[in-house]
Amino acid sequence: MPIVGVLALQGAFHAHARALKQLNVEVREVRLPHDLDGLDGIVMPGGESTTMSQLLLSSGVFDVLTQRIADGLLTMGTCAGLILLAERVLDARPDQVSCSVLDVTVRRNGYGRQINSFETDIAVTGLETPFTAVFIRAPIIEEVGSGVEILAVHNGVPVAVASQNILAASFHPELTSDVRFHELFLHMISSASTVR
Ligand code: GLN
């Protein structure tokens, strides 16, 4: 059974843990650097990327996590989690850090404020039928590097992307009962362990 960490400093981590447990994964909440030891994958949830950035630094998790992801740890980032993975973040607070491991440019709150939150059904590469995507003060993906695959698009804008060891979405796949997006992440974990 793979062990998947869920960054549990702030934000929607409980919902991610619930989805993963439904898929028979051992889930570990990550709050301290040693919680990262021996993980097969990690989820960076939605929430508030400014707050998460501060807590990542004060907990000492930031440097170790960044190194592990750069070394190939399978990682799923959603909404604020995507912001924390992006190489380029626009409209960020000046003191906000990012692991800078995913070749995309994102703009914080690019879809507007809380009242502009919405949900919509989108086609996702790898899923046979549409997936209901929930957007809450979501970042907009403004640029995607050449090594990054676009898995889903909404109104002409990428909303789910993947690179070698990273799966990321500007929406919240953990906020519906549909666990297929998490399943895609688990497929990445199992194919990586087969290659190893
Ligand atoms: N707007 C939040 C941020 O910039 C992200 C919102 C979310 O994760 N739902 O961190």
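This is a predicted model, so every value here is computed, not measured. Counting convention: from 1, in listed order, for ligands and their atoms alike. In what follows, every heavy atom counts, from backbone to side chain, and hydrogens, waters and symmetry copies are set aside.
G47 O, 3.3 Å is the protein heavy atom nearest to atom 5 (C) of ligand 1. Of all protein heavy atoms, the one closest to atom 7 (C) of ligand 1 is C79 SG, 2.8 Å. R108 NE, 2.6 Å is the protein heavy atom nearest to atom 4 (O) of ligand 1. Of all protein heavy atoms, the one closest to atom 10 (O) of ligand 1 is S49 N, 2.5 Å. Looking from atom 1 (N) of ligand 1 to the surrounding protein, the closest heavy atom is N109 OD1, 2.5 Å. Protein heavy atom closest to atom 9 (N) of ligand 1, with residue, atom name and distance, is H172 NE2, 2.8 Å.
Between T50 and ligand 1, no pair of N/O atoms sits closer than 3.5 Å. Some N or O of I136 is nearer than 3.5 Å to an N or O of ligand 1, by distance alone.
Separating the CG atom in L9 from the CD atom in E29 is a distance of 10.5 Å, to the nearest 0.5 Å. D91 contributes atom CG, which lies 8.0 Å from atom CZ of R108 (distance to the nearest 0.5 angstrom). Residue D95 holds its CG atom at 6.5 Å from OG of S53, rounded to the nearest 0.5 Å. Interatomic distance, CG of L55 versus CZ of R31, reported as 11.0 Å (0.5 Å rounding). Atom CG in L74 sits 5.5 Å away from atom CZ in F185 (nearest 0.5 Å).
In summary, the atoms of ligand 1 found under 4.0 Å from a heavy atom of G46, numbered by their order in the structure, are 8 (O). Atoms of ligand 1 lying under 4.0 Å from any heavy atom of I83, numbered from 1 in the order shown and given with element: 3 (C), 4 (O), 10 (O).
Contact annotation for T78 and ligand 1: no heavy atom of the residue comes within less than 4.0 Å of the ligand.
Aromatic ring pairs are classed by plane angle as parallel below 30°, tilted from 30° to 60° and perpendicular above 60°; the pair F118 and F135 is parallel.
Contact between M52 and ligand 1 is absent, with no heavy atom of the residue lying under 4.0 Å from the ligand.
Salt-bridge formation is detected for the pair R68/D37: a Lys NZ or Arg NE/NH1/NH2 atom is positioned less than 4.0 Å from an Asp or Glu carboxylate oxygen. By the 4.0 Å N-to-carboxylate-O rule, E48 lies close enough to R137 to be salt-bridged with it.
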